[in-house]
Amino acid sequence: MMSQTSNFSSFREFYPYYLSQHDNRLCRRMHFLGTSSALAALVQMIEARNPWWALLALISAYGCAWIGHYKFEKNRPATFSHPFYSLCGDWVMYWQMLSGKLSW
């Protein structure tokens, strides 16, 4: 298995590692909750024309995900070592959970 400090040449190479860091179902559920809350906050930001909702979106998304990692997965979030790929991974994982390709 690759370590957190591994270099990845593409997202396709990174994503299996990302999934390996989300083996715990409760961690994946926390990600799902955080991403759903962030989407709701972004919709509210647009409707209210108030950029402060973006802050709530960030807090809910990262807060839920990090709680999932530290409490259930017992690992360090990939956000710290691979921020862009990690963000992409979260959206792909979210879609895979919504579509039933990945259990949650």
Side-chain angles (χ1 to χ4, degrees):
M1 180 173 298
M2 296 179 183
S3 71
Q4 288 263 42
T5 59
S6 296
N7 291 321
F8 298 97
S9 59
S10 68
F11 177 73
R12 183 180 298 259
E13 187 180 307
F14 171 79
Y15 192 61
Y17 165 75
Y18 182 83
L19 287 179
S20 77
Q21 299 301 296
H22 298 85
D23 284 337
N24 185 289
R25 176 175 260 165
L26 293 174
C27 180
R28 288 193 306 272
R29 288 178 179 175
M30 291 299 293
H31 274 263
F32 192 88
L33 174 66
T35 301
S36 296
S37 298
L39 282 172
L42 291 174
V43 167
Q44 183 61 31
M45 177 187 76
I46 293 166
E47 287 182 1
R49 297 181 186 164
N50 183 342
W52 284 102
W53 284 98
L55 181 60
L56 181 60
L58 286 172
I59 291 169
S60 65
Y62 284 108
C64 287
W66 292 352
I67 288 169
H69 281 284
Y70 290 117
K71 184 169 176 62
F72 303 114
E73 198 70 59
K74 309 286 191 230
N75 65 14
R76 187 172 182 252
T79 302
F80 299 123
S81 55
H82 301 92
F84 180 71
Y85 282 165
S86 180
L87 177 64
C88 294
D90 189 56
W91 287 106
V92 171
M93 186 173 72
Y94 183 78
W95 175 250
Q96 288 181 335
M97 287 188 283
L98 271 179
S99 66
K101 186 175 180 183
L102 185 63
S103 68
W104 59 289

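For clarity, every value in this text was computed on a predicted model and none was experimentally measured.
Under a hydrophobic-cluster definition in which Ile, Leu, Val, Met, Phe, Trp and Tyr are linked whenever side-chain heavy atoms come within less than 4.5 Å, directly or via other members, Leu26 and Leu102 are assigned to different clusters. Under the 4.5 Å side-chain heavy-atom criterion for Ile, Leu, Val, Met, Phe, Trp and Tyr, Leu19 and Val92 are members of the same hydrophobic cluster. Follow the hydrophobic side-chain contacts under 4.5 Å out from Trp95 and you reach Phe11 in the same cluster. The hydrophobic clustering, which links ILVMFWY residues whose side-chain heavy atoms are closer than 4.5 Å, places Leu39 and Met45 apart. Using a 4.5 Å cut-off between side-chain heavy atoms of Ile, Leu, Val, Met, Phe, Trp and Tyr, with links allowed through other members, Val43 and Leu98 fall into different hydrophobic clusters.
Annotation: side chain to side chain contact (heavy atoms under 4.5 Å, CB included) contacts of Leu87 (sequence neighbours excluded): Tyr62, Trp91. Phe80 is linked by a ring-ring contact (aromatic ring centres under 6.0 Å, His included) to Trp66, counting only residues two or more places apart in sequence or in another chain. Listed by chain and number, the residues in a side chain to side chain contact (heavy atoms under 4.5 Å, CB included) with Ala57 are Ala38, Ala41, Leu42 (sequence neighbours excluded). Residues passing the side chain to side chain donor-acceptor pair (under 3.5 Å) test with Gln96 are Tyr15, sequence neighbours excluded. A search for side chain to side chain donor-acceptor pair (under 3.5 Å) contacts involving Arg29 returns nothing, not counting sequence neighbours. Every residue two or more places apart in sequence or in another chain that forms a side chain to side chain contact (heavy atoms under 4.5 Å, CB included) with Ser103 is listed here: Arg25, Arg28. Evaluation of the side chain to side chain donor-acceptor pair (under 3.5 Å) rule for Ser60 yields no partner, not counting sequence neighbours. Ser37 pairs by the side chain to side chain donor-acceptor pair (under 3.5 Å) definition with nothing, not counting sequence neighbours.
In terms of modelled atom types and a separation under 3.5 Å, the side chain of Ser20 and the main chain of Tyr17 share a donor-acceptor contact.
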Stepwise ring pair (Phe, Tyr, Trp, His ring centres under 6.0 Å) test for Tyr85 and Phe8
CA-CA 9 Å; Tyr85 282 165; Phe8 298 97; 7.0 Å; no

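Residue Arg49 comes nearest to Pro51 through the heavy atom pair O-CD, 3.9 Å, listed as atom of the first residue, atom of the second, then distance. Of all non-hydrogen atoms in Glu73 and Asp23, the two that sit nearest each other are OE1-N, 3.1 Å.
Pairs passing the ring pair (Phe, Tyr, Trp, His ring centres under 6.0 Å) check and including a residue from residues 19-56, sequence neighbours excluded, read Tyr18-His22, His22-His31, His22-His69, His31-His69, Phe32-Tyr94, Phe32-Trp104.
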